[in-house]
Amino acid sequence: MKTICTVLLILLTTASFGQTKKPKNVDQSKPFILGSIHEIQSKELSEKRIVNIYLPEGYSKSDTIKYPVVYLLDGSANEDFIHIVGLYQFNNFPWINRTPKSIIVGIANVDRKRDFTYPTTVEADKKRYPTAGHSDKFISFLEKELQPYIQSNYKTSASKTLIGQSLAGLLATEILLNKPNLFNQYVIISPSLWWDNGSLLKANTEVLTQTVTAKKGIYIGVGKEGLGPSDIPHVMEVDANLLVEKLMLLKNKNLQISFDYLPQEDHATITHQAVFNALRLLNPASNNKP
């Protein structure tokens, strides 16, 4: 009996000494940071606005390089910011070199019907969209607050691009026609030109004729989209074509206009492919080759 107890004691002792503490699983992952989030107190809009900012690889406050800036409407993280940043990064790969390294400024929405539309004379739309009609304030925010903020805090060149789709495309068109020199390039996708019964298509283009004295790239893209959501019928493809014709009739050599029909895309799917095409059409391959 003593022999059995002794052997058992030895075994238990050996087992206890042989055990080692298992290492704790340490999470060594790190956040994948695509950009930074900024709050801007806007006097023009009487509210705080969120902007998401992406800085290209190699950006440094200490160097002398200055970067083009892309202003993206519908620029929240859960809207178009992430995939548009990816398109610019992809098109800047050395083996593609289609676009220069750029700062992307995504403007998050608060009330896009309020911010992206001018006053309408259509009574049904006044009732349907009671907050609409204040694009003038949003344009002032872009011009007087956001652009100066970006220019004072980042190393920016003179090149500024505006990207907008749907109602944001309507706003981009309004800026192009009324304040064309706010941006150097315009990427206008599926613009909601049905707004106010297509009044923007009848707008005076005198400003474009008189003030545009330097090259300005304009991309207008539309998918197979059909009727807009207005009581008065407006076919999206037709309105986009009418806008192109309106600009072409100016015969201003400084307006470099590209029209793109994407029949395999609709209003919901067009943005990504259209921006990819715009980067190709607005940036000829020879422009950025080493």
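All values derive from a computational prediction rather than experimental measurement.
- Aromatic ring pairs are classed by plane angle as parallel below 30°, tilted from 30° to 60° and perpendicular above 60°; the pair W195 and Y129 is tilted.
- Judged as a side chain to side chain contact (heavy atoms under 4.5 Å, CB included), and not counting sequence neighbours, the contacts of F93 are Q89, F90, W95, I96.
- Heavy atoms from other residues, nucleotides or ligands lying under 6.0 Å from NZ of K137 number 12 at most.
- For the pair R98 and F276, the cation sits on the ring face: its NZ or CZ lies under 6.0 Å from the ring centre, inside 45° of the axis.
- With sequence neighbours left out, the side chain to side chain contact (heavy atoms under 4.5 Å, CB included) criterion links Q151 to Q147, T156, K160.
- Checked against the 6.0 Å centroid threshold, Y59 and Y67 count as a close aromatic pair.
- Salt-bridge annotation for K48 and E39: present, with a side-chain N of the basic residue lying under 4.0 Å from a carboxylate O of the acidic one.
- For the side-chain hydrogen bond (donor to acceptor under 3.5 Å, both in side chains) test, no residue two or more places apart in sequence or in another chain qualifies with S152.
- Scanning for side chain to side chain contact (heavy atoms under 4.5 Å, CB included) contacts around E237 gives V222, K224, E225, V235, Y261, with sequence neighbours left out.
- Taking Ile, Leu, Val, Met, Phe, Trp and Tyr as hydrophobic and joining them when side-chain heavy atoms fall under 4.5 Å apart, one finds I37 in a cluster with I50.
- Between F183 and Y71, the ring planes are perpendicular. Angles over 60° get that label, and only those under 30° would be called parallel.
- The pair K113-D125 fails the salt-bridge criterion, with no side-chain N (NZ, NE, NH1 or NH2) lying under 4.0 Å from an Asp/Glu carboxylate O.
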Report the C-alpha distance between I82 and L34 in whole Å, list the side-chain angles of each, state the deciding distance to 0.1 Å, and finish with yes or no for side-chain contact (heavy atoms from CB on, under 4.5 Å).
CA-CA 8 Å; I82 294 173; L34 189 66; 4.0 Å; yes
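- The closest donor-acceptor contact from the side chain of D196 to the backbone of G198 lies at 3.5 Å or more, if one exists at all.
- Residues forming a side chain to side chain contact (heavy atoms under 4.5 Å, CB included) with Y149 (at least two apart in sequence, or on another chain): H38, I40, N153.
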